[in-house]
Trainee: 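I have a structure I would like to understand better, so I am pasting it below and will then ask my questions one at a time.
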Amino acid sequence: TLDLACRKTPCFVKFSEVEKMVNIQAEINEVLVSQTIVSALQFYFIGKKCEILQDMNRHLEAVLKEKRALRKMLIKPRCQECLPIEATSHKYIVELLTEAVTFIEKLESHLQAVRILPHIPNIMENMHTALTKMELLVIEMEELAEQILKWGDLQKEVYSD
C-alpha cells in the first residue's frame with residue numbers, strides 16, 4: 001500500500017512542471033531587469049563623461065583664444081610689476097617660462113587633433129574614393145601605355161617596309 005500511495009499522480013507532475021517553468025520565467029525576467037539597469041547606468045555615466053569632456057573642451061578653447069595674451073604675459077619681463085625675484089632663481093624662472101610656452105604650443109596642437117576627430121569618418125571616406133579613382137586612373141594609364149607601345153610597333157613596321 002505504501003508503494004501505491006507513493007506514486008505521483010498526473011496532477012502533481014504537471015504542477016511541478018508548471019512550477020519549474022514559472023521559476024525559469026522569473027530568472028529570465030530578473031536577468032532582463034538587471035541588464036536594463038546596467039545599460040541605463042552605462043548611458044547615464046557616458047552622458048556625464050560627455051558633459052565633462054564638453055566642459056573641458058570649452059575651457060581649452062577659451063584658453064586658446066587668449067593664447068596671444070598669455071604668450072605676451074609669459075614673455076614680457078614682469079620684474080618691474082611684481083616683487084623682486086632673487087638672482088639665484090632667475091635661471092629657473094626663465095626655464096619655467098620656456099616650458100610654459102612649449103606647453104601652450106603643444107596644447108594647441110592637441111586641441112587641433114581633437115577638433116579633427118569628428119571629421120575622421122568623412123576624411124576616410126574621401127580617401128577611399130580618391131584611392132578608387134587613382135586605381136582607375138592607373139588602369140587607364142596602363143591601357144594607354146599598351147596602346148602606345150602597339151602603335152609604336154605598327155609605326156616601326158610601316159617605316160621598315
Trainee: When you compare the side chain of Leu154 with that of Glu157, does any pair of heavy atoms fall below 4.5 Å?
Mentor: yes

Trainee: Which value, rounded to the nearest 0.5 Å, describes the distance between Leu111 atom CG and Met56 atom CE?
Mentor: 9.5 Å

Trainee: Tell me, with the steps shown, if Leu131 and Met127 meet side chain to side chain contact (heavy atoms under 4.5 Å, CB included).
Mentor: CA-CA 6 Å; Leu131 181 63; Met127 287 176 63; over 6 Å; no

Trainee: Checking side chain to side chain contact (heavy atoms under 4.5 Å, CB included) for the pair Ile123/Ile116: CA distance, chi angles, key distance, verdict?
Mentor: CA-CA 9 Å; Ile123 293 170; Ile116 291 174; 4.2 Å; yes

Trainee: Between Gln25 and Val22, is a side chain to side chain contact (heavy atoms under 4.5 Å, CB included) present by the stated rule, with each step listed?
Mentor: CA-CA 5 Å; Gln25 186 65 37; Val22 167; 5.7 Å; no

Trainee: Linking I/L/V/M/F/W/Y whenever any side-chain heavy atoms sit under 4.5 Å apart, do Tyr92 and Phe103 land together?
Mentor: no

Trainee: Going only through I, L, V, M, F, W and Y residues with side-chain contacts under 4.5 Å, is there a path from Phe45 to Ile37?
Mentor: yes

Trainee: Give the C-alpha distance, both sets of side-chain angles, the deciding distance and a yes or no for side chain to side chain contact (heavy atoms under 4.5 Å, CB included) between Lys20 and Asn23.
Mentor: CA-CA 5 Å; Lys20 287 178 186 177; Asn23 289 339; 5.6 Å; no

Trainee: Please report the interatomic distance CD(Gln112) to CG(Leu107), rounded to the nearest 0.5 Å.
Mentor: 10.0 Å

Trainee: Within a radius of less than 6.0 Å around CD of Glu30, do more than 12 heavy atoms belonging to other residues, nucleotides or ligands occur?
Mentor: no

Trainee: Under a 4.5 Å side-chain heavy-atom rule over Ile, Leu, Val, Met, Phe, Trp and Tyr, are Leu117 and Met124 clustered together?
Mentor: yes

Trainee: Out of curiosity, Arg115 CZ to Asn57 CG, how far, rounded to the nearest 0.5 Å?
Mentor: 7.0 Å

Trainee: About how many Å separate NE2 of His110 and CD of Glu108, when rounded to the nearest 0.5 Å?
Mentor: 11.0 Å

Trainee: Just verifying a value: how many Å separate Ile148 CD1 and Met141 CE, rounded to the nearest 0.5 Å?
Mentor: 8.5 Å

Trainee: Kindly compute the distance separating OG1 (Thr129) from CD (Glu125), expressed to the nearest 0.5 Å.
Mentor: 7.0 Å

Trainee: Looking at Asp55 and Arg58, does any basic side-chain N land under 4.0 Å from a carboxylate oxygen?
Mentor: yes

